[in-house]
Amino acid sequence: MDIKFIRTNPDLAKEILIRRHEKISLDEILAIDEKRRQLIQVRDQTRMEHRQLTEEIAKIMKSRQVSNEYNQANIDSIIIECKTLGQKVKDIETELAQIELDLENKTKYLPNVAHESVPDEDTVVASWGAKPDFSFKPMAHWDVGEALQILDFKAASKLAGSRFVLYKGLGAQLERALINFCLDTHVKKNGYTEINPPVLNLEDCFYNTGALPNLADEMYKCTQDPFYLIPTAEVPLVNLHRNEGFNEDDLPKYYTAYTPCFRREAGSYGKDVRGMIRIHQFDKVELVKITVQENSYDEQEKMRKDIEELMQMLNLPYQVKLLSASEMAFQSAKTYDIEVWAAGCEAWLEVSSISNCESFQARRANIRVRRKTGELEYVHILNGSGLAFPRIYVAILENYQQKDGTVIIPEVLRPYMNGQVKIG
RNA sequence: GGAGAGGUGGCCGAGCGGUCUAAGGCGCCCGCUUGCUAAGCGGUCGUGCGGGUAAAACCGUACCGUGGGUUCAAAUCCCACCCUCUCCGCCA
């Protein structure tokens, strides 16, 4: 929702905010914008006058070299007038800069417009697989993992404190197998291009994706250098083409990246403290697509299918939730969450969030496409996790656990673990 | 971290205080010419912001890595920073 849209459709814009439970005053924004536009007009007018005088001086200076018909006083008076105008322009620019900063500070908190298919309540729209039956009481993953000595929370806390995990032996191999399985599937089967990006990114990148300003407290910031640690590979993938233009034929672009992700989890003290459901550093394979606007919702469905297929290949029961307007991330127009069933915790855990951000991020990152008609427009950008591993790991340990304490390895992962069939 | 070179339109590349409204070339698109290909000739071709319009046309203004400064006037002069390349130092 940019300022032009608000200016032309103020009532519609207000409704949109109400749907998303946002309490930002658009009237204030509109008033600032009005003032801004007035100032721009005055500034440009003054600048024009200034320029004309400058040109006149240039002419005089030139002809003076040939003849001496202009006297010094004459020129001096024009120069003084010119100086005055120049100062006036500077004053206006100072005032304008303040107003534009003000406007930016207000508009950067405006969320994306929710798509018309987005409901007012979270809605489960699909589910797959059956919750496993056990002849015994299934254990939580932290018990399974520690008993098998593949997870070591104590060692992790020695190194980094709470909310970290350390994988060991076959446990570390399992994590690596998950990463490779997902990447390989996206690259070989679904046509995504693999990227291995920096995980320290500059502040602008975070603003462009929508992570800043809202999630500032969620991220780790470097004190000596202007970096943040990425909370998701969405940040580098979306910014890969920052300030670039595409031809229509270049699109769509499909990208995938494995990266560690870092989150402070501020404000969730005491929530999910045990185990690895909510940790400060975790591995994730991310998907990002860049498309022309009319294809983005089809592409979102395709992305959802790509991710669901991973779940099915891993044989993990899941449900798909269509998020309500008020639950979605700030930058998203439509989001599906995929939740895996974890038998030990007896909970649905979010393992993927598939968002169509439409042109929200493209506007901030300035990524456009030249259409065949010659027109320039913003691209649509989508992202989805495929997948976030700790919770997949949790589901595997809890759903695949056996009475004797061993854990069967999902079939698709065995080739990545030297054919190993089970752990323990 | 130290020394040097550089950053100009879609690309190459000139310009180093006042017709820069950015040369020239390549490329793109349109037209003409030529039996196809190639070549030739002419024309067109940026983005943001504001105004204007039903939409265009059009008008104003800004933009030569970024941000400041000097000047009546900055791509051009000064300062700071960023990035790229080369060399040196340090280091996985």
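Every chain is numbered from 1, with letters handed out A, B, ... down the list of sequences.
- Applying the salt bridge (charged side-chain N to carboxylate O under 4.0 Å, His left out) rule to pairs touching residues 108-123 of chain A yields A/R19-A/D120, sequence neighbours excluded.
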Please set out all donor-acceptor pairs under 3.5 angstrom arising from side-chain atoms of residues 39-46 of chain A, sequence neighbours excluded.
| from | atom 1 | to | atom 2 | distance (Å) |
| --- | --- | --- | --- | --- |
| A/Q45 | NE2 | A/E49 | OE2 | 3.4 |
| A/T46 | OG1 | A/V42 | O | 2.7 |

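- Remark: A/R36, A/R37 in residues 27-38 of chain A come within less than 4.0 Å of RNA chain B through at least one heavy atom.
- Within a heavy-atom distance below 4.0 Å of RNA chain B, the residues of residues 79-86 of chain A found are A/I79, A/C82, A/K83.
- Here the NE2-CD distance, from A/H50 to A/E55, works out to 11.0 Å after rounding to the nearest 0.5 Å.
- Here A/R51 lies in heavy-atom contact (under 4.0 Å) with sugar-phosphate atoms only.
- There is a side-chain donor-acceptor pair under 3.5 Å between A/T232 and A/K284.
- Ring-centre distance between A/F181 and A/H186: not below the 6.0 Å cut-off.
- Read 5' to 3', the first and last nucleotides of RNA chain B with an atom closer than 4.0 Å to a heavy atom of chain A are B/G18 to B/A73.
- The list of salt bridge (charged side-chain N to carboxylate O under 4.0 Å, His left out) pairs with a residue in residues 226-240 of chain A, not counting sequence neighbours, is empty.
- Note on A/I40: only backbone sugar-phosphate atoms sit closer than 4.0 angstrom, heavy atoms only; bases stay farther off.
- Judged by a 6.0 Å distance limit and a 45° cone about the ring axis, A/R364 is positioned over the six-membered ring of A/Y207.
- For A/Y167 and A/Y393, the ring centers are positioned less than 6.0 Å apart.
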*Given the rule that a pair is Watson-Crick or G-U wobble with both distances under 3.5 Å, how would you write RNA chain B in dot-bracket, using | for pairs to a different strand?*
((((((((.[[[..)..(.....]]](.((((.......)))).)((((((......)))))).[[[[[..)....]]]]])))))))....
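- Ring pair A/F360/A/F330: centre-to-centre distance below 6.0 Å.
- Residues forming a side-chain contact (heavy atoms from CB on, under 4.5 Å) with A/H115 (at least two apart in sequence, or on another chain): A/S117, A/V118, A/Y297, A/K334, A/E358.
- Of all the residues in residues 366-376 of chain A, A/R368, A/R370, A/L376 reach under 4.0 Å from RNA chain B with at least one non-hydrogen atom.
- Judged as a salt bridge (charged side-chain N to carboxylate O under 4.0 Å, His left out), the pairs with a partner in residues 160-180 of chain A (not counting sequence neighbours) are, in order, A/D152-A/K168.
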Could you list the donor-acceptor pairs under 3.5 angstrom formed between side-chain atoms of residues 414-424 of chain A and any protein atom two or more places apart in sequence or on another chain?
| from | atom 1 | to | atom 2 | distance (Å) |
| --- | --- | --- | --- | --- |
| A/R414 | NE | A/I409 | O | 2.8 |
| A/R414 | NH2 | A/I409 | O | 2.9 |
| A/Y416 | OH | A/D184 | OD2 | 2.8 |
| A/Q420 | NE2 | A/K422 | O | 3.2 |

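- Partners of A/R264 according to the side chain to side chain donor-acceptor pair (under 3.5 Å) rule, which considers only residues two or more places apart in sequence or in another chain, do not exist here.
- A/R7 comes within 4.0 angstrom of sugar-phosphate atoms only, judged by non-hydrogen atoms across all strands, and of no base.
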